[in-house]
Amino acid sequence: MKLTSLRLHQIQLPLVSPFTTSFMTETEKDCYLVEAGFDTPNGPVTGWGESVAMVAPLYSAEYMDQGIDLTRRFLAPLLFEVEDLTAETVGWHLRHIIGNPMAKHALEMAVIEAQLKMRGQSFKEYMGGVVDTVPSGVSVGIQDSVEQTVKVIGEYLEEGYSRIKLKIKPGADIEPVAAVRKAFGDDFLFQVDANAAYTLVDANHLKRLDDYGLLLIEQPLGEADIRQHAELAKLMDTPMCLDESIVSAEAAADAISLGATSVINIKPGRVGGYIEAKKIHDLARAHGVAVWHGGMVETGLGRAANAAFATLPGFTLPGDISGSKRFFTEDITEEIVMHDGVVDVPQGPGFGVTIDPAKLEKFTVATHDLTP
Ligand SMILES: CSCC[C@@H](NC(=O)CCC(=O)O)C(=O)O
Ligand SMILES: [Mg+2]
């Protein structure tokens, strides 16, 4: 395929409620979408991608404006030079640009979708998915009080979510977890995510979480702390899960080999795209390490693609693939609906959802045309 046009649509979607993690509170979703036009042997095709970079470099080193600038100055020119661009080679063509996995993922995603539409293939089919629905977990932010935490989680359990994930940080960890377990019992899947808010000094405090039958503890320590997570894993009964640390298949291999992780949160944006994420899925499976699909508060586009990716056989735990309405009253695609604890995987060529032009216009903050 030959890339012929490239536009980045910077959008802002209001969130239904503030989403607070150990590192920030979000009240809007800011991101950019990639609209890429291609000439193909089967005629012109357009593919869409979504950057998961946040407005500030607080989850990882990338942020939205930097991704737009990097794509304009360095990534787009490299892809426009390629005579026959394929989904499988985007990472190769961008290999000399160091880091910036989220910016690369957004472009690769658009190339993947164009290639799928050219072939009339669904993303699930392309990746080798084996199911048509995926279990839907929900990520719950840090609340203003323990009572509010119990209320919000009760509502999500009532809605039927397959798994509850609660954000924690020092001072908001043991007490809310204990209150939730006290209120709703031990029979539902419950995990926590610290977003790197602790250090190994907190090991004995974190070990107290072992009393609550958690499915896993996600990224308690820093992104670079592979060895420290291995030390903490020896001390805790709760399975260790890494998110921010797993920046590539090599990092996953190191973490698994060092005993730093027995569960992996897979996020294509964090690792440079779905092609690399598939390598991590396969590596984890070969090592008997469970994986589940993480989320970055994606619009319906990324949500649909993640749901399709989560149909791979190694995804044995519910992912952060909640219904659209968990975050948005209005989205730029069809609503992704959670029902009976699952999300249906959109069928059809590409990612199986369509960008609504009216909604895109409504929520667009700026459009960046990178076509030469
Ligand atoms: C704004 S926080 C984004 C990163 C966070 N993501 C979630 O908690 C899931 C968000 C979602 O459901 O999309 C994580 O560290 O796993
Ligand atoms: Mg996480």
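First listed ligand is number 1; within each ligand, the first listed atom is number 1. Sequential numbering from 1 along the given sequence is applied to the chain's residues. Please read these numbers as outputs of a predicted model, since none were measured by experiment. In what follows, every heavy atom counts, from backbone to side chain, and hydrogens, waters and symmetry copies are set aside.
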| note | Near the Mg ion (ligand 2), protein N/O/S count under 2.8 Å comes to 3
With atoms numbered from 1 as shown, which atoms in ligand 1 lie under 4.0 angstrom from a non-hydrogen atom of [X]?
X: Asp193; result: 14 (C), 15 (O), 16 (O)
X: Met54; result: 1 (C)
X: Phe19; result: 1 (C), 2 (S), 8 (O)
X: Glu218; result: 16 (O)
X: Thr21; result: 2 (S)
X: Glu26; result: 1 (C)
X: Asn195; result: 14 (C), 15 (O)
X: Asp320; result: 7 (C), 9 (C), 12 (O)

Taking [atom] as the reference point, the nearest protein heavy atom with its distance:
atom: atom 6 (N) of ligand 1; answer: Gly295 O, 2.9 Å
atom: atom 12 (O) of ligand 1; answer: Phe327 CE1, 3.4 Å
atom: atom 5 (C) of ligand 1; answer: Lys167 NZ, 3.2 Å
atom: atom 13 (O) of ligand 1; answer: Val297 N, 2.8 Å
atom: atom 8 (O) of ligand 1; answer: Ser139 OG, 2.8 Å
atom: atom 3 (C) of ligand 1; answer: Met296 SD, 3.8 Å

[X] side chain to [Y] backbone, donor-acceptor under 3.5 Å:
X: Gln347; Y: Val345; value: yes
X: Asp84; Y: Met1; value: yes
X: Glu223; Y: Ser60; value: no
X: Arg270; Y: Ile246; value: yes
X: Lys2; Y: Phe80; value: yes
X: Glu62; Y: Ala53; value: no

Counting only heavy atoms, which portion of [X] has something under 4.0 Å from ligand 1: side chain, backbone, both, or neither?
X: Lys267; value: side chain
X: Lys165; value: side chain
X: Met24; value: neither

| What's the spacing between Lys325 NZ and Glu159 CD if we round to 0.5 Å? | 5.0 Å
| task | Work out which heavy atom in Trp292 is nearest to a heavy atom in Leu317; give both atom names and the distance. | result |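 Where Trp292 meets Leu317 most closely, the heavy atoms are CB-O, 3.3 Å.
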| message | Looking at Phe188, I'd like to know if the NZ or CZ of Arg181 sits under 6.0 Å from its six-membered ring centre while staying within 45 degrees of the ring's axis. | response |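 Flagged: Arg181 positioned over aromatic ring of Phe188.
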| task | Please say whether the positively charged group of Arg326, taken as NZ for Lys or CZ for Arg, lies over the ring of Phe19, i.e. under 6.0 angstrom from the six-membered ring centre and within 45 degrees of the axis. | result |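 Yes, a cation-pi geometry holds between Arg326 and Phe19.
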| query | What is the ring orientation for Tyr274 with His293, classed by angle as parallel under 30°, tilted 30 to 60°, or perpendicular over 60°? | reply | tilted
| said: Check the orientation of Tyr59 and Phe23. Use parallel for under 30°, tilted for 30 to 60°, and perpendicular for over 60°. | reply: tilted
| task | Establish, from distance only, whether the side-chain atoms of Thr371 and Asp369 form a donor-acceptor pair under 3.5 Å. | result | yes
| field | Polar contact flag for Asp243 and ligand 1 (N/O pairs, less than 3.5 Å) | value | yes
| message | Under the salt bridge (charged side-chain N to carboxylate O under 4.0 Å, His left out) test against Glu218, which residue among Lys267, Lys167, Lys165 passes? | response | Lys165
| query | Are Phe190 and Phe184 near enough that their ring centres are under 6.0 Å apart? | reply |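 Ring-ring flag for Phe190/Phe184: false, centres at least 6.0 Å apart.
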